[in-house]
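The shown structure was predicted, so the numbers you read here are calculated from the model rather than taken from an experiment. Computed over heavy atoms, backbone and side chain alike; hydrogens, waters and symmetry mates excluded.
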Amino acid sequence: MSTTDTYKTIEEASPETLFKEKNSKFYGYAFPVTSEEEIKSHIEHLKKVHFSARHWCYAWQLGTTKTQYRANDDGEPNNSAGMPIYGQIQSFDVTNVLVVVVRYFGGVKLGVGGLISAYREGAKLALEASAIIEKTIDIHFSITFDYKNMNKVMRVIKEKNLNIVSQKMEESCQIEISTRKKNAEMIFDIFTNLFEVEIEEL
């Protein structure tokens, strides 16, 4: 199991980048994403913006501990567009990201080798134009306890500097907390050993 509990992603959508090759134009975009719905809406939006383009090729990767990815050539020869774009996502070592390269055909065929390098360059420019940030991988726990035990629970939360995601304070209380992955086991043990307090990983 990897002990790293950080990952890299991009802070916000990149500015539009442009790479030209033999009259073809390749517009590059990178977006931070957390779901396939978001990915779909970004691609649909770009298809409206660039409605007269020929190809909207893209690749994305989601997830931190387990990742999933997809690469799409959108009508270009097999593996000449999506995979070179995905290769750039890997070489920048980012996740939760979508990179789209929109091509306007300029009348001159580039051949498979030319396409691979043009799409790679288009993706690279978009990622270079993005602010890459490091985030922590957080584990979420739910803590359940009676109101009378509130003080001891809150003391641990304060001492260990835990994030409170949500809380429900009634006779029976429930707090959702998050902590960095590397501290998760220790936090779990502390709450497990507290009398009359239950903790479970979400």
Side-chain angles (χ1 to χ4, degrees), residues 1-17 26-51 53 55-76 78-103 119-120 122-143 162-168 174-184 187-188 199-202:
M1 186 177 127
S2 100
T3 49
T4 60
D5 70 343
T6 59
Y7 65 95
K8 288 198 291 193
T9 188
I10 62 175
E11 191 166 24
E12 56 193 9
S14 72
E16 176 183 278
T17 59
F26 295 85
Y27 288 94
Y29 301 88
F31 301 96
V33 287
T34 52
S35 70
E36 291 195 44
E37 286 73 49
E38 274 182 81
I39 290 167
K40 226 167 102 183
S41 77
H42 284 309
I43 292 165
E44 280 168 7
H45 174 69
L46 285 178
K47 285 189 173 178
K48 284 181 190 141
V49 174
H50 293 287
F51 58 88
H55 302 280
W56 299 266
C57 304
Y58 62 87
W60 53 260
Q61 179 164 294
L62 289 176
T64 49
T65 37
K66 291 192 188 105
T67 55
Q68 52 178 9
Y69 76 92
R70 184 167 302 153
N72 186 319
D73 296 314
D74 193 36
E76 293 282 30
N78 261 354
N79 297 329
S80 68
M83 283 317 278
I85 296 172
Y86 182 59
Q88 290 303 306
I89 292 177
Q90 289 178 301
S91 78
F92 279 80
D93 191 24
V94 285
T95 190
N96 290 350
V97 72
L98 161 71
V99 178
V100 185
V101 178
V102 180
R103 178 188 184 194
Y119 278 105
R120 184 170 50 220
K124 182 175 172 230
L125 290 174
L127 286 166
E128 281 177 347
S130 305
I132 293 175
I133 52 171
E134 195 168 68
K135 287 186 163 186
T136 57
I137 298 173
D138 294 332
I139 305 288
H140 290 244
F141 293 114
S142 170
I143 301 166
L162 302 172
N163 299 322
I164 295 179
V165 180
S166 65
Q167 47 189 348
K168 200 169 84 217
Q174 197 174 22
I175 297 183
E176 183 188 333
I177 57 161
S178 69
T179 183
R180 281 183 70 154
K181 184 178 162 189
K182 67 175 185 186
N183 301 328
I187 298 301
F188 186 82
I199 180 169
E200 61 174 344
E201 189 175 329
L202 295 172

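Of the possible polar contacts, none joining the N72 side chain to the A59 backbone as a donor-acceptor pair under 3.5 Å is found. Of the possible donor and acceptor atoms, one in the side chain of T9 sits under 3.5 Å from a partner among the backbone N and O of T95.
For D73, there are no side-chain hydrogen bond (donor to acceptor under 3.5 Å, both in side chains) partners at least two apart in sequence or on another chain. Every residue two or more places apart in sequence or in another chain that forms a side-chain hydrogen bond (donor to acceptor under 3.5 Å, both in side chains) with S142 is listed here: Q174. H55 meets the side chain to side chain contact (heavy atoms under 4.5 Å, CB included) test with C57, D74, E76, R103, Y119; sequence neighbours excluded. Under the ring pair (Phe, Tyr, Trp, His ring centres under 6.0 Å) criterion, Y27 pairs with H50, Y104, sequence neighbours left out. The side-chain hydrogen bond (donor to acceptor under 3.5 Å, both in side chains) search around E11 returns none, not counting sequence neighbours.
Between I177 and L162, the closest heavy-atom pair is CD1-CD1, 3.7 Å. Scanning all heavy atoms of the two residues, the minimum distance from L62 to V33 falls at CD2-O, 3.6 Å. For the residue pair Q68 and W60, the shortest heavy atom distance occurs at O-CZ3, 3.6 Å. Closest non-hydrogen pair, D138 versus S178, comes out as CB-CB, 4.3 Å. Across all non-hydrogen atoms, the minimal contact from A126 to S14 is O-CB, 3.5 Å. The shortest heavy-atom contact between A30 and S130 is CB-OG, 3.6 Å.
Side-chain contact between E38 and L98 is absent, with no heavy-atom pair separated by less than 4.5 Å. Within the 4.5 Å cutoff, no side-chain heavy atoms of F92 are placed close to those of K8.
To the nearest 0.5 Å, atom OH of residue Y7 and atom OG1 of residue T67 are 13.0 Å apart. Taken from CD1 in I139 to CZ in F188, the straight-line distance is 12.0 Å, to the nearest 0.5 Å. Atom-to-atom distance recorded for I133:CD1 and I10:CD1 is 9.0 Å, nearest 0.5 angstrom. Separating the OG1 atom in T179 from the NE2 atom in H140 is a distance of 10.0 Å, to the nearest 0.5 Å. To the nearest 0.5 Å, atoms NZ (K40) and CD (E37) are separated by 7.5 Å.
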Legend entry - Derivation of the side chain to side chain contact (heavy atoms under 4.5 Å, CB included) call for L202 and E176: CA-CA 9 Å; L202 295 172; E176 183 188 333; 3.4 Å; yes
For residues 78-90, tabulate all N or O donor-acceptor pairs below 3.5 Å that involve a side-chain atom, not counting sequence neighbours.
{"from": "S80", "atom 1": "OG", "to": "P77", "atom 2": "O", "distance (Å)": "2.6"}
{"from": "Y86", "atom 1": "OH", "to": "Q61", "atom 2": "OE1", "distance (Å)": "2.5"}

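Applying the 6.0 Å contact sphere to OH of Y69 captures no more than 12 heavy atoms from other residues, nucleotides or ligands.
D5 pairs with exactly one of K181, K135, R180 by the side chain to side chain donor-acceptor pair (under 3.5 Å) rule, that one being R180.
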